[in-house]
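The sequence lines fix the lettering, A, B, ..., with proteins before strands; numbering per chain opens at 1. As the structure is a computational prediction, the values presented were derived from the model and not from experiment.
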Amino acid sequence: NAGVTQTPKFRVLKTGQSMTLLCAQDMNHEYMYWYRQDPGMGLRLIHYSVGEGTTAKGEVPDGYNVSRLKKQNFLLGLESAAPSQTSVYFCASSSPGQGYEQFFGPGTRLTVL
Amino acid sequence: AQRVTQPEKLLSVFKGAPVELKCNYSYSGSPELFWYVQYSRQRLQLLLRHISRESIKGFTADLNKGETSFHLKKPFAQEEDSAMYYCALRRSGNQFYFGTGTSLTVIP
């Protein structure tokens, strides 16, 4: 099993460009999450999903959109990137059957110039 | 507001010394707390959760509702314990809050 995978691993954008980060999990988990990790700020929840077709806002949702069309995939979109969105993005998934333990992806390092 | 506080950004201890990583939380409901660890060049992974009341790699953490704390402890630190540690709180609705993390360095 690959667990949680993220695509791409690195990306550099110019201000105003758009992009989509893809998260995929092969553990049949119900819940999926997108976090951003910034120095001194820890991990902050952007959006999350408790099931296919559902999404909810987290702590820092502004400037991001998400979709969960398939249970195994959770997409994070940036419509108009800003330098403040330079960060490392982590995806995670979990299941009640595993005590809500979050399984994390390897991260995507995004730089917005 | 639900929040998790880790007051120490950096913590250094000598090998064999006891180590305690502090975590305090504020939550109006019944908390479910976790410790996650990120070793160098590895993914963030679960270390332990308060519900399990288990010891993992010699680490333990006790939930103290009176002091709203969930400190992580180990009696004898090892070099391989050097990592970034995050305390996390799960609230109802499955939203998670993470602390800002503590970078632990164990000096040989």
Side-chain angles (χ1 to χ4, degrees), chain A residues 1-6 9-10 23-25 27 29-52 54-61 66 68 74 87-109, chain B residues 1-11 21-27 29-54 56 61 63 70 83-104:
Chain A
N1 287 350
V4 179
T5 59
Q6 293 182 230
K9 290 185 169 55
F10 304 93
C23 176
Q25 52 95 4
M27 296 173 283
H29 284 173
E30 293 86 343
Y31 306 130
M32 296 187 75
Y33 307 80
W34 275 109
Y35 294 91
R36 59 178 291 173
Q37 183 185 46
D38 302 291
M41 303 291 286
L43 276 79
R44 292 181 293 169
L45 182 63
I46 304 171
H47 286 281
Y48 63 106
S49 169
V50 299
E52 182 179 325
T54 71
T55 63
K57 293 181 180 180
E59 200 178 353
V60 289
V66 289
R68 183 111 182 259
F74 195 30
S87 186
V88 180
Y89 292 85
F90 288 98
C91 176
S93 69
S94 70
S95 170
Q98 291 177 286
Y100 300 102
E101 173 184 350
Q102 300 218 324
F103 291 82
F104 283 83
T108 294
R109 186 173 295 275
Chain B
Q2 295 80 28
R3 290 292 182 267
V4 177
T5 303
Q6 293 180 249
E8 304 136 329
K9 288 187 178 180
L10 303 170
L11 184 62
L21 288 80
K22 292 183 168 54
C23 172
N24 289 91
Y25 66 90
S26 62
Y27 183 51
S30 183
E32 189 172 344
L33 287 152
F34 303 78
W35 276 99
Y36 282 82
V37 61
Q38 189 172 26
Y39 300 104
S40 178
R41 287 186 286 277
Q42 292 188 28
R43 300 186 185 198
L44 200 63
Q45 58 188 282
L46 177 67
L47 180 61
L48 53 79
R49 66 190 97 194
H50 91 269
I51 287 179
S52 302
R53 300 185 64 82
E54 56 194 347
I56 302 293
L63 178 61
F70 188 55
M84 178 70 82
Y85 292 81
Y86 291 95
C87 182
L89 178 150
R90 174 181 164 267
R91 54 162 284 181
S92 59
N94 296 307
Q95 192 163 348
F96 276 78
Y97 291 91
F98 281 77
T100 51
T102 297
S103 178
L104 174 66

TODO: Look up atom CG in L44(B) and atom CZ in F103(A), then write down how far apart they are to the nearest 0.5 Å.
DONE: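 Those atoms lie 12.0 Å apart.
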Open item on the list: Are there over 12 heavy-atom neighbours, none belonging to M41(A), within less than 6.0 Å of that residue's CE?
Closed with: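 No, not enclosed.
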Open item on the list: Looking only at heavy atoms and a cut-off of under 4.5 Å, which of P96(A), G99(A), P39(A) has the most pairs with chain B?
Closed with: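 If we count pairs closer than 4.5 Å to chain B, G99(A) comes out on top.
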TODO: Can you tell which part of L43(A) gets under 4.5 Å to a heavy atom of chain B, answering side chain, backbone, both or neither?
DONE: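 It is both, since atoms from each part get that close.
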Between chain A and chain B, which donor-acceptor atom pairs come closer than 3.5 Å, counting both backbone and side-chain atoms?
from, atom 1, to, atom 2, distance (Å)
Y36(B), OH, Q102(A), N, 2.8
R43(B), NH1, V4(A), O, 2.6
R43(B), NH1, F104(A), O, 3.0
R43(B), NH2, V4(A), O, 3.4
R49(B), NH1, Q98(A), O, 3.3
R49(B), NH1, G99(A), O, 2.9
Y86(B), OH, Q37(A), NE2, 2.6
R90(B), NH2, Y100(A), OH, 3.4
N94(B), O, Y33(A), OH, 3.0
N94(B), ND2, Y31(A), OH, 3.2

